Amino acid sequence: MADDLKSEPVFIADENLVTFGDGAVEGRPAGVPSSYAEGKSPRWTREVIADIHAKSQLGRYQLRGFSTFQKNLPSFDELVFQPATMTRLPLEGYRERCETRTVLGDGFGLVENPVELDIPIYIASMSFGALSANAKAALGRGAKKAGTMTCTGEGGMLEEERAENRTLLYQLSPARYMIDLDHIRRADAVEIVVGQGAKPGTGGLLLGMKVSERVARMRNLPQGVDQRSTSRHPDFLGADDMTIKIEELREATDHKVPIFVKMGATRPYYDTAVAAKTGADVIVVDGLEGGTGASPELLLDNTGVPTLASIPAARRALDDTGMSGKVKLVAAGGIRSGVDVAKALALGADCVMIGSAAMISLGCNSPRYVEDYTAIGTEPGACHHCHTGRCPVGVATQDELLSSRVDVEAASERVYRFLTAMTMEATLLAKACGKSSVHNLEPEDLRALTLEASAFTGISLVGADRPFTW
Amino acid sequence: MSALAAGVEASAPVRISAGDRPIREVNREIRAAVDAGRDIEVHDPLSRHNLGVALTGPGLVTFKGSVGYYCGGLSDGGRIVVEGNSGWGTGEGLASGHITVNGNAGMSVGAAMRGGTIHIRGHAGPRCGVAQKDGLIAVEGDIGYSTGFMSHGGRIVCLGNSRGSVGDSLWRGTVWVAGEIETLGIDAVVVTPDQSEVDEVEAQLGALGIDGSGRDWKQIVAGKKLWYFEARDAKKWLMI
């Protein structure tokens, strides 16, 4: 059979023409350099090869801080606002007022002192341990100036941050470091952590170089030893037990403050529906883009649901269970600007939490002490070395010299200005859409630029004016 | 508050009934008495959850029956006697104070406790002393599986037998077992304690009215293989 395919060539082209003439190397085509010479394999990229080499040397997975490098994430940039035109009336963007006040914990009418924020943004839980005491103090002071709150994180309550914050959220993480009755009672809200967006299903990780004497004392850990926190709570397992736990916290706080439940976005619809049954006042859904001080790299890039997809799902769960309005929804994970804030609110969030962005406004990745960036193998603007504890600008470190580089007053001013700028951005968009409150932003104000974003957010596709469904 | 205001003689214990009253109301009365250094008897606890949560002060509260979850949880002071059994998380997060359960206790006794003493006269359920930071848990009966899981400090003493996976992933806490150990948890090792440590434990037990002498003490401590997360320890770490 094969013989049938044999045919005699009728013409053989000149070899110089076949090889594009001048510049041809023997055995290789001329002109554009070959793909194999340039490392253009889409599978065995330079990063993959470097990763394999690193793991071959380390004998373990790689760790790092910051947040995901996953390239295939849907982005808030896939949504655009549709301001008022003929059918809606805009507000004067530079003159008229737009309400930004945000209340959390008032839904059931049972909490004596709901959390009242001047803006719909607060600063995420970043522990003392992950961040330096100066950075925590600066975040607290900046948040106070902006009329919002910060959260303790899992390392216990730092006196500096209690002193600086107007409103402080106290975290009860599975590891229960330094859970103190006095601290609980001095908190303005208490949060049960079920998980975090950066690495849902996994406990916290703080490498030994950041477990300083003070951190170790607060967490009751040996100094300098890597801390790998539990992923399960020690005294409850499921949602029904959590209901009792929440009642315990209400008893401990004499029903004065709201109880938050924070979870990483994995099955946001079902998880939110279940969490809403527990009696919590606020549910925080932290998307895949959420940052962290240290994590196995593979978890950052390969676990969770992106923030953009998790917000509509969580809102739908609250609607379907009749809990919208009673239980407040906080969205988090990779929120970069007031534009993202406005989009999150329009998608259904009641409030937005920022971590990495607040840290960057503190001074993270700023072009100072460049030689110290170089020393840890990175550069300003591209540093994600929080896990090393050698933060050149003193934000994510426990080193005394490095920590002293955070000027609390100056850093707090930057945080305040950034929060103000974010709020202005959100209100500008809201007013263009004709909204007198940022909380009136709604899905109808948005259009999706891509089929995917339209399909999983339920936002109408731009031009089509209806959501893409399958 | 009503019972306190009723003009009961200062030295006599305040008597209240839990029954089906709101737990918040019951706890307020308990807290007021304990804060004031008064003793209080709670009748009809009916295994209700969250009784005696967040106590401070020197008073003694006696539950005349069984209690539910988190009895005495998050307390920083107070003394509690449960005359029946107790549910999950008895004395969880305890910073100081003393809890005695005359019957059996459920899962996670003294979870994440930072100080004080919890004394279980009967058996204790699984994950007893999980994430414990400090303080003493003494169990006269048996303890369930994963006792002392990821404990950071403190001491768990069991006069009976231990079920599986005891002392799993300990940091610094120790588990003492007088009876049989079913299996050890990851990175847990049994060491023979020094006589001085035995004396200390027996003194602690003596203070609780328990004769701990002449026991075959097995002390379970961290093997410390899980302590560091570095390249050279990768293989040890992977045994998880």
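Order of the sequence lines fixes the chain letters, A, B, ..., with proteins taken first and strands second; residue numbering starts at 1 for each chain. Remember, predicted model here, so these are calculated numbers, not experimental data. Hydrogens, waters and symmetry mates play no part in the numbers below; they use all other heavy atoms, side chains included.
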query: Do the rings of A:H233 and A:F236 sit parallel, tilted or perpendicular, given the 30° and 60° boundaries?
result: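 Ring orientation of A:H233 relative to A:F236: parallel.
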- prompt: Parallel, tilted or perpendicular for A:Y170 and A:H183, by the 30°/60° rule?
  reply: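 Judged by the thresholds at 30° and 60°, the geometry between A:Y170 and A:H183 is perpendicular.
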task: Among B:V130, B:L74, B:D76, B:V109, single out the residue with the greatest number of heavy-atom pairs under 4.5 Å to chain A.
output: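 When all of B:V130, B:L74, B:D76, B:V109 are compared, B:L74 has the most.
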message: If you count heavy-atom pairs within less than 4.5 Å of chain A, which of B:Y70, B:W88, B:Y69 leads?
response: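 Result: the option with the highest number of such pairs is B:Y70.
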Minimum side-chain heavy-atom gap B:E197-B:W176 below 4.5 Å: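 Answer yes - side chains close enough.
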Between [Y] and [X], does any NZ, NE, NH1 or NH2 come within less than 4.0 Å of an OD or OE carboxylate oxygen?
{"X": "A:R162", "Y": "A:D188", "answer": "yes"}
{"X": "A:K136", "Y": "A:E161", "answer": "yes"}
{"X": "A:K245", "Y": "A:E248", "answer": "yes"}
{"X": "A:D399", "Y": "A:R390", "answer": "yes"}
{"X": "A:E251", "Y": "B:R31", "answer": "yes"}

Residue [X] versus chain B: region with a heavy atom under 4.5 Å:
{"X": "A:L237", "value": "both"}
{"X": "A:R219", "value": "backbone"}
{"X": "A:D241", "value": "both"}

field: Among A:I184, A:D254, A:I179, residue most engaged with chain B (heavy-atom pairs, under 4.5 Å)
entry: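 The residue among A:I184, A:D254, A:I179 with the greatest pair count is A:D254.
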message: Quick check for you: among A:M178, A:H255, A:R185, which has the greatest number of heavy-atom pairs under 4.5 Å with chain B?
response: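 When all of A:M178, A:H255, A:R185 are compared, A:H255 has the most.
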Engaged part of B:R114 at the chain A interface, taking heavy atoms whose separation is under 4.5 Å: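 Interface part for B:R114: side chain.
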- request: Provide the full list of salt bridge (charged side-chain N to carboxylate O under 4.0 Å, His left out) pairs with a residue in residues 119-138 of chain B, sequence neighbours left out, each pair given once.
  value: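 As it turns out, the salt bridge (charged side-chain N to carboxylate O under 4.0 Å, His left out) pairs with a partner in residues 119-138 of chain B, which skip direct neighbours, are B:R121-B:E140.
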message: Taking 4.5 Å as the heavy-atom cut-off, does anything in residues 43-56 of chain B contact chain A, and if so which residues?
response: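 The residues closer than 4.5 Å to chain A, in numerical order, are B:H49, B:N50, B:V53, B:A54, B:L55, B:T56.
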- prompt: Quick one: which of B:R38, B:R21, B:R24 gives a salt bridge (charged side-chain N to carboxylate O under 4.0 Å, His left out) with B:E29?
  reply: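 That would be B:R21; it is the only one of B:R38, B:R21, B:R24 passing the salt bridge (charged side-chain N to carboxylate O under 4.0 Å, His left out) with B:E29.
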